[in-house]
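Quick caveat: nothing in here was measured; it's all calculated off a predicted structure. Only heavy atoms go into these numbers, but all of them, side chains included; no hydrogens, no water, no symmetry mates. Each chain gets a letter, A, B and so on, in the order its sequence line appears, and its residues count up from 1.
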2 protein chains.
Amino acid sequence: MPQRKRKTPGAVTILDVAKHAGVSPMTASRVINGSTRVAVELRERVQAAVRELGYRPNLAGRSLRTTGSARVGVLYSNPSAAYLNELMLGILEQSSLSGVQVLVEKCAGMQSQRAATQRLLEAGVDGVILPPPLCDSPQTVRELDERGIPVVAVATAAPMQDVPSVRIDDYQGARAMTRYLLDLGHTRIGFIQGDPKHTPAQLRLQAFRDTMAEAGIAVPDAYVAPGLFTYRSGLSAARQLLDLPQRPTAIFCSNDDMAAGAMAVAHGMGLRIPGELSVVGFDDTPVATTLWPELTTIRQPVTAMGKAAVSALLELIRDRRAGRSREAAHQVMKYALVRRQSSAAPG
Amino acid sequence: MPQRKRKTPGAVTILDVAKHAGVSPMTASRVINGSTRVAVELRERVQAAVRELGYRPNLAGRSLRTTGSARVGVLYSNPSAAYLNELMLGILEQSSLSGVQVLVEKCAGMQSQRAATQRLLEAGVDGVILPPPLCDSPQTVRELDERGIPVVAVATAAPMQDVPSVRIDDYQGARAMTRYLLDLGHTRIGFIQGDPKHTPAQLRLQAFRDTMAEAGIAVPDAYVAPGLFTYRSGLSAARQLLDLPQRPTAIFCSNDDMAAGAMAVAHGMGLRIPGELSVVGFDDTPVATTLWPELTTIRQPVTAMGKAAVSALLELIRDRRAGRSREAAHQVMKYALVRRQSSAAPG
DNA sequence: CTGAAAGCGCTTACAG
DNA sequence: CTGAAAGCGCTTACAG
């Protein structure tokens, strides 16, 4: 058996591809990066070589040349563990693809927010991603902006004019869910609010009210219960709703954690879900598929939003380095209504 | 204001550090990487320069030279979404630090497992991380091994001799939890099993039985309810336990998802937690802090285990490339008993 | 103990 | 449309 030629076994480089295709590394690079300015024949030869050799670009090499050495910070406070995990997944994945380093800082109060920002700056971050609820904090945004650090806001429902954002349309999402329940035949629909300080919570409630009004169905005050996005608040809100003399046949919870609380109460009262009560949520975090029956909810593509945030931030950083500037981009990602087993026509 | 000298603003390189300290880049590199073979004075000058300039090594550059271009695969099946998220967080974080690319493949049945393995191989992975339950599948391990792909098993409770693993001691963890409940004064302790096909589930049950026996407390058969690690199975197991004429004062659930189910049932029956019933779990996934009251559980450092798995795999890959080989390392991480509000002395 | 040279894999900027 | 040269930031291997 002949001696292997490759120095590091398993590593197919762009030089191997170029040699195999009989072109220069530059031409190979151009084909691999989708440039159109390559003769058809060469392009095909390179593509064949990529396939035959199983070539995959080494991103460390690429990013060394392109992005240079960017570092992005993530500054968060008061997160839902599940939500943050999922977001970080996207952020880390895209960072790894882009050869970018990620620094994470947590802060609690306003004071620790300053300290956390300071630490990020000292670590030399070139930009910062702001998950909710910090994305809605003008102070935080301003403080970073003053230091010349670009910011991307994730999942804000009230995007600031000049701060790029990645979000879904909370209003339309909550509207779609309300309409879905109406279409199933529900008229007595309870609603559990999220933390009123969060902009998405406000919009979700507003969409619910508007859609019910358009359908000509009055919503009794008692059918809208306060909540804080926590499981615990879901428990007490659901008790409140289900103890009403005329109880709702469906409950629309402003997030999945509260829906889990609502389902716990319903299970406890011996109510069959969805036979006697439909429960729906919002976000589609892992808890939605943990519950039984599995939860109908609005899917927010959190991981994809994390990726998009990194990409947007990187563009900003490159622009800034190149001395360019452009208008803040607001990316609205698609939500999806995911029908599972927790919802059905009223019994 | 004078023109900035740096080509890419914000990027402090090792050359800047070296110049600032008046040494060669090599000496700077040695200090930064903790080599001891540097004169004290030079070391201190470099360290000062690092501090003053806020230097942070660019990992893309480093990994290009050291690891070369490693790629690690993650092959999973049938995961708890929350667990997998947390594990991936660690895997991605460490990969990003090490400048390694990560490829993820999911598989369902045995057939799709072959296909997924094939895809990973075609993508040129240099090693594979196997989360549970695939880490306990000899076929999967063998198939990869035959192709010369190193494997690291995560969270198996029955590590194979020659496959490196990262895990906690499930037996000792479950023992500690049982003893904790005993020390609180509980004698009527129910147990909800995990999926009996998973090795950790078997050990956790065994530890419970042994510890109870040592305390001289008989465990009625009806006090051990079958489960599958799912919320749903937790619901029915808890119903079974709580409907007993002489019901337990505490329930030890083999994971957090089932504890969530058990708490839902207890809430429904109007049982106060922890006053009338203590509920404890295992794993400390995000659900543990989502519930109310928050869940006492055994913390498995899942994110750290993901990081450790990447590091172990990278060592294996480097060894293999260098033609070295050594014994499989089995890393046992520390668990922790996290006391929260779901457990107390029997009422 | 210290450093000059070379190169990891890739792409930018330039020349044809 | 194509390619030779240079360099991103870092460290290995070699020489002193």
Subject >> Integer-rounded Å distance: D:dT11 P and B:N33 CG >> reply: 5 Å

**OP:** Round to a whole Å and report the spacing from CD1 of B:I32 to P of D:dT12.
**Re:** 13 Å

Original post:
Closest to the B:M26 side chain: C:dT2, D:dT12, C:dT11?
Top reply: D:dT12

Original post:
For B:V23 and B:V46, which heavy atoms make the closest approach, and how far apart are they?
Top reply: CG2-CG2, 3.9 Å

Subject >> Distance, rounded to the nearest Å, where A:R56 contributes CZ and C:dC10 contributes C1' >> reply: 17 Å

**OP:** Examine C:dT11: is either OP1 or OP2 under 4.0 Å from a nitrogen or oxygen in the side chain of A:R62? Give yes or no.
**Re:** yes

Subject >> Contiguous Watson-Crick or G-U pair runs (3 or more, under 3.5 Å) in DNA chain C >> reply: C:1-3 with D:14-16, C:5-12 with D:5-12, C:14-16 with D:1-3

Subject >> Atom-pair distance (CG on B:L15; P on C:dG3), nearest Å >> reply: 13 Å

Subject >> B:V40 vs B:G61, nearer the 5' end of DNA chain C by closest nucleotide >> reply: B:V40

Original post:
Which nucleotide, D:dC10, C:dC8, C:dT11, lies nearest any side-chain atom of A:P25?
Top reply: C:dT11

Original post:
Say you draw a straight line from CZ of B:R299 to CE of B:M333; how long is it, rounded to the nearest 0.5 Å?
Top reply: 9.5 Å

Subject >> D:dC1 OP1/OP2 closer than 4.0 Å to side-chain N/O of A:R37 >> reply: yes

**OP:** Counting heavy atoms from C-beta on, name the nucleotide in C:dA4, D:dT11, C:dT12 closest to the side chain of B:I14.
**Re:** D:dT11

**OP:** Round to a whole Å and report the spacing from CG of B:L53 to C1' of D:dG9.
**Re:** 15 Å

Original post:
Quick one: is B:N58 getting a side-chain N or O under 4.0 Å of the D:dC8 phosphate, OP1 or OP2?
Top reply: no

Original post:
Rounded to the nearest 0.5 Å, how far apart are CD of A:Q94 and CD1 of A:I129?
Top reply: 9.5 Å

Original post:
Taking atom CG of A:D145 and atom OG1 of A:T140, what is their separation to the nearest 0.5 Å?
Top reply: 12.0 Å

Original post:
So does B:T27 get a side-chain nitrogen or oxygen closer than 4.0 Å to the phosphate oxygens (OP1/OP2) of C:dT2?
Top reply: no

Subject >> B:R30 (side chain) and C:dG3 (base): donor-acceptor pair under 3.5 Å >> reply: yes

**OP:** Would you indicate, yes or no, if D:dG3 has its OP1 or OP2 atom less than 4.0 angstrom from a side-chain nitrogen or oxygen of A:S24?
**Re:** yes

**OP:** Measure from the side chain of A:V38, starting at C-beta and using heavy atoms only, and say which of D:dT2, C:dG9, D:dG3 lies closest.
**Re:** D:dT2

**OP:** May I have the distance from A:L64 (atom CG) to D:dC10 (atom C1'), rounded to whole angstrom?
**Re:** 8 Å

**OP:** Rounded off to whole Å, could you give me the CZ-to-C1' distance for the B:R65 and D:dT11 pair?
**Re:** 6 Å

Original post:
Is the shortest side-chain N to carboxylate O distance from A:E41 to A:R45 below 4.0 Å?
Top reply: yes

